[in-house]
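Data first, discussion second: the structure below is written as structure tokens.
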Amino acid sequence: MKKTLALILAACMSLSLVACGGGDKSNTPPAGGSNAGTSQSANQPSTGGSEAKTVGIAMPTQSLERWNRDGAYLDEQFKAAGYKTIVTYSDNKNEQQVNDIQNMLSQGVDLLIIAAIDGNGLNTVMNDAGAAGVPVIAYDRLIMNDNSSYYVSFDNYTVGKLQGEFVRDALDLDNAAGPFNMEFTAGDPADNNAPFFYNGAFDVLKPYIDSGKVIVPSGQTAFDAVATDQWQTDVALDRAQNVLASFYSDGTKLDAWLCSNDSTSMGVTQAVTQDYAGGNTVVITGQDGDVANLRNIKDGKQSMTVYKAVANEAVVTLDLAKAILDGKTADASLISASGWDFECAYDTESYETTPGHKCPSFLLVPDVVTADNMEEKLVTPGYYKVGADGYLEATNG
Ligand code: BGC
């Protein structure tokens, strides 16, 4: 049932993507009007006969592929459940996101779903939401404010762990003699997820670095040294080019490059393709299953991506929001009562908004996608289809 919903939404999502066309402008304005930078739509009344409640959905940017998927899935699911929605994308600018959320509060939203650009940059609006009694679901990225009512995400540490384990197994670090050379590229320091991804990966690989089986020729292993401002492809590309020029231009072999996500992987892959002289295949990781990266994976330029089914993340968010808005208990019982056909854990320990203040979290399970299992993991469930050229593309029905 929920799976069917996810499939229908996959179709809607691809239509929305076509309609959006890129840039951080408004989502396609449906009948009912829109504000600059927002899409607002009034729908049929909420089931149950009461007046439809309004849910504000604040996404970071349309310039990174996944947030278009998230925004579209959330919008469609909440509309289908009878809520009014306001959706904003804030061009990766914290101040703009603050304004967008402020506007939603002025419009009297009943609940906010926020994927923060800067997890530390929303205190004013979060305090306003708290004062107005508006619950906030921190979506995918934790907001470092105690008014975050709940957190819905994937198990971020496990995302990194899967990447680290992939490198470990691809290089056969437990058996091969080595030593192997590798580099790291992490995410945006303003995104609370980024250190979780990085630590998950680094914890797997650290023993091999400590034993000398893995060498990092640049010496750059601290999160801050390998972080990528706003997860930008160009920033990752620049740093990768510098590292290759400084540490590999003498013929040093590069065996692997651990990248925390697909946008950074895209930059690193470009640098390796253009500037690395060695003839070997370099193991390169990613996360999200962006279409361009899936092409690179099929072409053997990127080795894997960690896929997170954001359609399911939206399903959890919808059911959680319903429970909150209906005044029902929202804890582990939500999972047992849900009928979801995917795994999700209720976690009250792992995520703190301020020291000692834990945020109850619903965490979904990420999955490894490679050239070999791409169709099974992505096409069979309906997230993508095989295009005429043999590469995967968004589903359009
Ligand atoms: C998300 C990743 C995404 C990254 C950049 C993170 O917060 O969890 O899926 O790749 O942001 O958009």
Side-chain angles (χ1 to χ4, degrees), residues 13 22 24 58-74 89-94 97 113-122 137-144 148 151-163 185-201 223 226-236 258-269 284-294 296-297 302 304-314 316-317 350-351 361-369 378 383:
M13 177 276 294
D24 267 17
M59 295 289 111
T61 176
Q62 287 189 296
S63 68
L64 294 174
E65 185 180 318
R66 73 153 288 184
W67 304 111
N68 294 281
R69 284 202 289 271
D70 293 90
Y73 281 134
L74 287 164
Y89 295 90
S90 308
D91 201 15
N92 255 345
K93 297 190 176 89
N94 181 62
Q97 190 165 50
I113 296 165
I114 302 174
I117 292 163
D118 180 345
N120 289 299
L122 295 177
I137 298 177
Y139 182 82
D140 202 83
R141 299 171 170 177
L142 190 59
I143 306 165
M144 312 316 281
S148 307
Y151 180 42
V152 176
S153 193
F154 281 77
D155 181 335
N156 296 306
Y157 183 87
T158 297
V159 169
K161 186 164 171 272
L162 292 172
Q163 294 167 336
T185 292
D188 184 356
D191 178 351
N192 187 63
N193 289 352
F196 277 87
F197 299 144
Y198 191 63
N199 292 338
F223 172 78
V226 301
T228 309
D229 192 35
Q230 296 209 328
W231 296 94
Q232 290 177 78
T233 299
D234 286 356
V235 175
L258 188 300
C259 299
S260 286
N261 86 330
D262 279 354
S263 58
T264 54
S265 185
M266 193 50 93
V268 167
T269 300
I284 300 178
T285 64
Q287 166 186 196
D288 288 333
D290 287 354
V291 167
N293 296 75
L294 295 174
N296 278 350
I297 292 175
Q302 181 177 325
M304 61 89 84
T305 189
V306 175
Y307 186 69
K308 305 189 296 190
V310 296
N312 296 340
E313 197 173 4
V316 173
T317 305
S350 300
Y351 289 95
S361 306
F362 290 87
L363 302 176
L364 293 96
V365 180
D367 206 0
V368 171
V369 168
L378 301 180
Y383 301 130

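Atoms within a ligand are numbered from 1 in the order they appear, just like the ligands themselves. Computed from heavy atoms alone, side chains included, the values below leave out hydrogens, waters and symmetry copies.
With a heavy-atom cut-off of 4.0 Å, Trp67 touches ligand 1 through its side chain alone. Of all the heavy atoms of Tyr307, none lies under 4.0 Å from any atom of ligand 1, so neither backbone nor side chain is involved. Neither the backbone nor the side chain of Asn156 has a heavy atom within less than 4.0 Å of ligand 1.
Looking at Val306 and Phe197, their side chains never come closer than 4.5 Å, going by heavy atoms from C-beta outward. Counting heavy atoms from C-beta on, the side chains of Met59 and Leu64 never come closer than 4.5 Å. At least one side-chain heavy atom of Asn156 sits under 4.5 Å from a side-chain heavy atom of Tyr351.
In terms of protein heavy-atom proximity, atom 8 (O) of ligand 1 is nearest to Asp140 OD2, 2.6 Å. For atom 4 (C) of ligand 1, the closest non-hydrogen atom of the protein is Trp231 CE2, 3.5 Å.
When the options Ile117, Leu64, Asp288 are ranked by their closest heavy atom to atom 10 (O) of ligand 1, first place goes to Asp288.
Near Lys308, the atoms of ligand 1 lying under 4.0 angstrom from a non-hydrogen atom of the residue are 1 (C), 2 (C), 8 (O), 9 (O). Applying the 4.0 Å criterion to heavy atoms of Gln287 picks out, from ligand 1, the atoms 2 (C), 9 (O). Atoms of ligand 1 lying under 4.0 Å from at least one heavy atom of Arg141, given by number and element, are 4 (C), 5 (C), 6 (C), 7 (O), 11 (O), 12 (O). Per-residue contacts place Asp191 under 4.0 angstrom from the following atoms of ligand 1 (heavy atoms of the residue considered): 6 (C), 7 (O), 11 (O).
The side chain to side chain donor-acceptor pair (under 3.5 Å) check on Thr317 picks up nothing, with sequence neighbours excluded. Under the rule for a side chain to side chain donor-acceptor pair (under 3.5 Å), Gln163 has no partner lying at least two apart in sequence or in another chain.
Of the polar atoms of Asn261, at least one N or O is found under 3.5 Å from an N or O of ligand 1, judged by distance alone.
A donor atom on one side chain and an acceptor atom on the other are not found under 3.5 Å apart for Asp262 and Ser265.
Ion pair Arg66/Asp140 flagged as a salt bridge, since at least one NZ, NE, NH1 or NH2 atom sits closer than 4.0 Å to an Asp/Glu carboxylate oxygen.
Between Tyr307 and Tyr383, the ring planes lie tilted relative to each other; the angle falls in the 30° to 60° range.
Put simply, part of Phe197 is less than 4.0 Å from ligand 1, judged by heavy atoms.
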